[in-house]
Amino acid sequence: MSVDKIKAIYGTRDILPAEADIWRKIATTVAKVADEYNYSFISTPIFEATELFSRGIGETSEVVTKEMYTFKDQGDRSLTLRPEGTASVVRSYIEHSMGARQGLAKVWYAGPMFRQERPQAGRFRQFYQFGFEAIGSLDPSIDAEIIAANYHIMELLGIDDKKLYVNSIGMPGERKKHKEAFSDFVAPLIGKFCADCRKRFETNPLRMFDCKQDACMALLKDAPVIFDYLSDDNRKHFDTVCDFLDHIGISYELDKKLVRGLDYYTRTAWEIKSDKLGSQDAISGGGRYDLLVEQLGGKPTPGIGFAAGIERVILAMPGKESGQDRKDLGFFVVIGNSRYKKEAFGLLTKIRKLGFPADIDYLGRSLKAQMKQADKSGFYYSFIFAEEEMTRGKVILRNMVDSRQFEIGLADILKAGNTIQLGELIGYIQ
RNA sequence: GUGGAUGUAGCUCAGUCGGUUAGAGCGCUAGGUUGUGGCCCUGGAGGCCGUGGGUUCGAGUCCCAUCAUCCACCCCA
């Protein structure tokens, strides 16, 4: 009887054991940098009231209008799988009065996000992000700190072709003035733009800067940019951020045409890009959101943060195929005759209790097959329960890298009380 | 939502002008060479040829539909 196979949903994927090393490396690197910069881990639910995102990200943004996974629960409430992390963190910040408790809240998170987009290279419907948020300070040096953390992580992950672009997109008042000037500039030329740009002109004119058509870019070459409409204070804020970045040796490029997709961003904005990704070249992006806390019902509080797409980071990382024959310190227990299974199992457990990785065959395979398995397990040693040696109460300890082996008393190993004693027993074969 | 490409073993792919038992390499597995892995040799398992329909004496191969995947656009990490 044949039954239809159930497959993973369009745009979702399994992260298989073969990828485990790289995911673990990213997780430990992010956690390490978070420690160094003193950001604490926070985890929020992956679904929230729909209103959190519509109000936070912006009713008109593309993400909210057509990409959210929204559903009703049994109480007829509208819920949404989170499309990004910042809104949830800010909600949590307000709900738990983090501002009153500690003044400045510095947190980081990691987990799956959901957007109903058409999948392609570096884009999925369920994808993973990690992000940092600092809520409560308008000091330009916190901008520099969080950009530095973002950059530092990419550096540790070996992304050598990364490029950091920074800009300031000002506050709503400045944006309004700029938008008028921009519209005055574009209006007489509008017929010459591509269809998409003409549509953007109606909905979100600034996004015209993101157009990939050379013709449109040429037309916009001398168009007014927000950067030139910044107030003195915001201009000074941005200059100070740049000054601090210079001082700590982080290289960046000012991109006055950089705009961000989510509506809550204000003032400082940045992206990190890699050439390895093809069309979806942004691996990380962030900015200030100085009005978001207030918009979500908290006291007026400035905030800043970034998020990075883990799948995209992986695409940008070097040497994904390598690292096959690395041996971990660990033991594979080989059984030469099934009558020793019980003793072998006891030794296995002992090794594990001493803190070493160890494994054994569970498929009843031949000695030769077990040796093969021991080889592929990546462990440094194998213990072999061989006939002749066992009659003398000895097992063979074999170094799987240089093939040297010697006998060792089973009772001696079982007596070892800690890793040091075990280490001494096996020490001279290393 | 729009456009283009591709679906054959666990993976990467052959498969002639439509022709009868569907192939390779890798991987998996049993064994040989040494009571003991890697190199080498021999055997074995594993395929609704994405799915449904059509043309034909005959379809993995041609046509249509459908589903899925990939790439690009929109948008974003």
Side-chain angles (χ1 to χ4, degrees), chain A residues 2-5 7-13 16 18 57 60-67 83-86 110-131 150 154 194-197 199-200 203-204 207 210-213 259-262 270-274 277-286 305-316 324-325 327 332 334-337 363-379 381-390 395-405:
Chain A
S2 111
V3 177
D4 284 349
K5 288 180 191 161
K7 295 198 284 186
I9 301 298
Y10 188 40
T12 70
R13 57 190 285 272
L16 299 173
I57 300 169
T60 57
S61 71
E62 196 88 7
V63 170
V64 168
T65 53
K66 42 192 246 201
E67 295 178 357
E84 59 103 44
T86 303
M113 307 293 164
F114 306 85
R115 289 183 200 171
Q116 214 162 150
E117 300 181 274
R118 187 82 88 178
Q120 58 177 296
R123 185 154 76 196
F124 306 91
R125 290 187 163 185
Q126 173 173 335
F127 59 102
Y128 290 78
Q129 289 188 333
F130 61 84
N150 191 175
M154 301 309 164
C194 71
D196 286 329
C197 276
K199 207 189 302 168
R200 289 191 191 103
T203 55
N204 189 353
R207 292 223 68 95
D210 276 349
C211 186
K212 283 167 183 138
Q213 307 259 341
V259 292
R260 305 275 307 140
L262 309 181
W270 72 94
E271 278 181 4
I272 295 180
K273 296 184 179 184
S274 160
L277 272 69
S279 182
Q280 314 300 320
D281 58 355
I283 59 180
S284 183
F306 73 84
I310 296 181
E311 291 87 349
R312 291 188 186 180
V313 169
I314 290 173
L315 286 176
Q324 287 303 310
D325 53 7
K327 297 273 178 184
F332 194 90
V334 174
I335 310 167
N337 185 313
L363 298 176
R365 289 196 260 220
S366 66
L367 180 69
K368 177 184 168 131
Q370 289 180 61
M371 289 305 296
K372 251 180 149 166
Q373 199 185 343
D375 186 36
K376 271 179 291 198
S377 68
F379 293 144
Y381 295 105
S382 59
F383 274 118
I384 304 167
F385 282 73
E387 287 286 3
E388 189 199 317
E389 287 78 359
M390 275 303 283
V395 293
I396 297 169
L397 176 63
R398 182 178 176 86
N399 182 317
M400 298 303 285
V401 177
D402 64 19
S403 299
R404 287 189 300 152
Q405 64 181 41

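Residue numbering restarts at 1 for every chain, and letters A, B, ... go by the order of the sequence lines.
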B:A68 base stacked by A:Tyr10? Criteria: ring centres under 5.5 Å, plane angle under 30°.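 Not stacked: fails the 5.5 Å / 30° test.
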Base of [N] paired with side chain of [X] (donor-acceptor, under 3.5 Å):
{"X": "A:Arg312", "N": "B:C76", "result": "yes"}
{"X": "A:Glu389", "N": "B:G35", "result": "yes"}
{"X": "A:Lys376", "N": "B:G27", "result": "no"}
{"X": "A:Ser403", "N": "B:G38", "result": "yes"}
{"X": "A:Gln370", "N": "B:U36", "result": "no"}

Using a cut-off of less than 4.0 Å, is there contact between a side-chain N or O of [X] and OP1 or OP2 of [N]?
{"X": "A:Arg260", "N": "B:A77", "answer": "yes"}
{"X": "A:Arg200", "N": "B:C75", "answer": "yes"}
{"X": "A:Gln120", "N": "B:C71", "answer": "no"}

Base, sugar-phosphate alone, or nothing: which one does [X] contact when heavy atoms must sit under 4.0 Å apart?
{"X": "A:Gly122", "result": "base"}
{"X": "A:Lys368", "result": "base"}
{"X": "A:Ser366", "result": "sugar-phosphate"}

Determine the interatomic distance between P on B:G15 and the same-named atom on B:U6; round to the nearest Å.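 Those two atoms are separated by 14 Å.
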Whole-angstrom distance between B:G31 and B:U8, as gauged at atom C1':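 Result for the C1' pair: 31 Å, nearest Å.
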A:Gln129 or A:Gly11: which one's nearest nucleotide on RNA chain B is closer to the 5' end?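 Counting from the 5' end, the first nearest nucleotide belongs to A:Gly11.
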d([atom1], [X]; [atom2], [N]) in whole Å:
{"X": "A:Gln116", "N": "B:U2", "atom1": "CD", "atom2": "C1'", "result": "16 Å"}
{"X": "A:Glu117", "N": "B:C76", "atom1": "CD", "atom2": "C1'", "result": "5 Å"}
{"X": "A:Leu367", "N": "B:G31", "atom1": "CG", "atom2": "C1'", "result": "14 Å"}

Derivation and outcome, salt bridge (Lys or Arg N to Asp or Glu O under 4.0 Å), residues A:Glu84 and A:Arg115: CA-CA 9 Å; A:Glu84 59 103 44; A:Arg115 289 183 200 171; 5.8 Å; no
